[in-house]
Amino acid sequence: MIAEVIVDVPAQQTDRPFDYRVPEKWSGMIQEGMRVTVPFGPRKLLGFVVKLKESSEFKSLKNISGLLDMEPALNEELLELGHWLADETMCFKISAFQAMLPAAMKAKYEKQIRLTRGMVVSDLLPELQPLFQKTGTMKWDDAQNNELLPLVKKEMDRGALELSIKVSNKGNVKKEKFIKPLLDKEGLITQLGEISKTAKNQRCIIEYFLENPIESPLSKVLKDTGLSGYSVIKPLVNKGILHVQERESYRDHYEQHEFQADAVLPLTEEQRGAMGPIERAVEEKRNETFLLYGVTGSGKTEIYLQSIKRIVDEGKEAIVLVPEISLTPMMVTRFKRRFGNLVAVLHSGLSTGEKYDEWRKIQRGEVKVVVGARSAVFAPFKNIGLIIIDEEHEGSYKQEEMPRYHARDVALKRASYHHCPVILGSATPSLETFARAKRDVYTLLTLKSRVNQRALPEVSIVDMREEMRGGNRSMFSELLFEKLKERVEKGEQSVLMLNRRGHSSFVMCRNCGLVVTCPNCDVSMTFHRVQSQMKCHYCGLEEGVPNVCPDCGSDHIRYFGTGTQKVEEELGKLMPHARVIRMDVDTTSRKGAHEALLKRFEDGQADILLGTQMIAKGLDFPKVTLVGVLSADTMLHLPDFRSSERTFQLLTQVSGRAGRHELPGEVVIQTYTPEHYSIQLASEQDYEGFFMREMFLRKQNDYPPYYYIALLTVSHEDVLKAMDTADKITTYIKRHVSPSTVVFGPSASPMSRINNRYRYQCLLKYKREPNLAVILKKLNETYGRNAAQSGLQLSIDVNPFIMM
DNA sequence: AGCACGCCGACT
DNA sequence: GTCGGCGTGCTC
């Protein structure tokens, strides 16, 4: 038998199957989708079997050298999905396959030295013999560190030793010892009498099993008895008193938490109205896409939960995608309470091992529901009954690295394979989605009212230019400051949002106007107060703050703009009594910090929660009655056609944070452009008004959803090379596309230089471009080919989410 | 991506 | 004469 293998080399020239012979001993075991190790040139690599066949065109085949899986890592559906993903996003097949699996299943390559076949340990130099005694191999690094390489070299020249590469899983399966008594109560008591009085620890263990005569994990036994190490147990096992068995176990991130089952909430009339069509689609196994369009607080999650319940009762599985930042303990708790241990959770807070274990639970069918961020869309379920994408409009569903996929597209693809419905949920759907719902491509389900009948909060817009003219130079308008003070006095909570981290956004010389910019990226650097450092948010460069202007030598250096740190500082001055929690990338980077801060706020340990966008999503605190947006326009003027849409969505989302419970809520939006439609309409919570307005503009400018777009970015350390190549690419495209396609460029990218690489781009807008795949593939081949040598990088993003 | 092969410059 | 620079091309 012959296997076609995609090898673990992400390069243009190796992005095709290579044929290998399957050794006789594995012919019954090997299956498509399994990971294997294969010799590739002088190396040994991981590869995926994509096809099994009887014969090969190729004459001198090598053998597959090892199996890494007992079950296919990718089942038939996922294997096919991988090919589709590679085609669709223009990425290498190997990258597509790896993206669908947990990082733990990537290859770990270890150089090692091994005894040549036919050699025995005693043939070696005496110094080396003990090292090879056990396994006949040793790690290359160990040999190097212990200065053994000269000896090893000698033996290698003689042919006694040889170099080999060990290929293994990056992550490993956790094994745990389980201990149980082999004797009954009587027997244990007898043994207790026979053990010497000095063996205190052994007696302690026996006494433990007298009280708990059941099998327990070793870790539990040790913890309960306060002893440490297996060495205490071993003699008892040897005497035949205890029995030990090593078994696989799962690392459980939520081990410490207990989740009490909760009751199914009664649905409102409106919710039931939305449930009906979903239930019917589920019943009829119809591949229908729903847009569940409901204001914040309208009870979308309960609809998800009850739809999933039906699926699970029928023995089918469900995938729920949630944006990374909304995957809060609150959200997890809600699912765990309803579905207990039938839920797997996948998010970035888990360790590699924990993610691997959740994946294995899914693959083995031990769980029926997955709640997770973007990559959970690849959950290896075999019988999917429903896929849900919450906060459908969120940008985090689009992966910005190599397989540049959108989870929504993958979900729709998988749903069509499984003949199951998809629910897209949002209070502010993306224009693309809402347009499709209006054209009946998706079924629109609307939830107009909040579950508890709470009115939407009252929103005030403050014109900061007026404030400025009125002599208020602080970052708080009078209105916001008054309201904030009032809340603090009343003991109610407020949320303040500013979508910028750091202290001030930039540092400028007032004498010559120089702005401190990153030497690698041509973007202004951000001042961070705590470390008293300038940071580049794109390449991560950190530098000290200049005392004098590096250009003109003037000491009139001033900090401009406002960051979360500066707001915190000013709040401290203006309202010394208010307790503030600041939440941004800097205070939440430590694992678990995010949760801890929110918990503190929830427990009422602070009056004000100050943060960046991350506080805008999904949080639900009963005591929050005021939401302040310090500067609504920060993201409005970015060179991206979606900036209005994103501003509208963000403002609508934060506004929804206020007054979700008994107390009525208020929102204050500060802005320098109060007349802008996305700010006006967000304050009125008028999604449909915004939709109409924005659609008109998109139509005028040939943007999605009227046109599809593809963005090609060329980067090179040399400006001329980058410009020149972008020019050639643009010319090529112009010559080959159909007349209805519009090609822009080449132009400097809005981020003209990142990490010392100059960036030029070319943009295409098209309605139907039958040649697109061929053209892009061709470009990828010609310019991606010698990427390493020429230093040129070409990135192709079909349907980009961020234009920069 | 690695790694070998291979063809031209400055050295024991 | 050789060691070593990195251009070119191959890996079943």
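The structure displayed is predicted, hence computed values, not measured ones. Quick note on labels: first sequence line is chain A, next is B, and so on, each numbered from 1.
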Calculate the interatomic distance between [X] atom [atom1] and [N] atom [atom2]; express it in whole Å.
| X | N | atom1 | atom2 | result |
| --- | --- | --- | --- | --- |
| A:Phe18 | C:dC10 | CZ | C1' | 9 Å |
| A:Tyr109 | B:dA1 | OH | C1' | 10 Å |
| A:Phe40 | C:dT11 | CZ | P | 8 Å |
| A:Ile64 | C:dT11 | CD1 | C1' | 16 Å |
| A:Lys53 | C:dC12 | NZ | C1' | 9 Å |
| A:Arg43 | B:dA1 | CZ | P | 10 Å |
| A:Leu46 | C:dC12 | CG | C1' | 16 Å |
| A:Asp15 | B:dA1 | CG | P | 12 Å |

* Between A:Glu248 and A:Lys175, is there a side-chain N and carboxylate O pair less than 4.0 Å apart? -> no
* **Check against side-chain contact (heavy atoms from CB on, under 4.5 Å), A:Thr725 and A:Tyr760** => CA-CA 9 Å; A:Thr725 314; A:Tyr760 281 81; over 6 Å; no
For [X], report the nucleic acid contact type (base, sugar-phosphate, nothing); a contact means any heavy atom under 4.0 Å.
| X | answer |
| --- | --- |
| A:Pro17 | nothing |
| A:Ser56 | nothing |
| A:Tyr20 | sugar-phosphate |

* May I ask you to check if A:Arg768 and A:Tyr766 form a cation-pi contact, with NZ or CZ under 6.0 angstrom from the six-membered ring centre and within 45° of the axis? => no
* Structure fact -> Ranking B:dC3, C:dT11, B:dA1 by distance to the side chain of A:Pro42, first place goes to B:dC3
* Are A:Ser168 and A:Glu110 linked by a side-chain donor-acceptor pair shorter than 3.5 Å? -> no
* Asked: Has A:Phe58 got its ring stacked on the base of C:dC12, with centres under 5.5 Å and planes less than 30° apart?
  -> yes
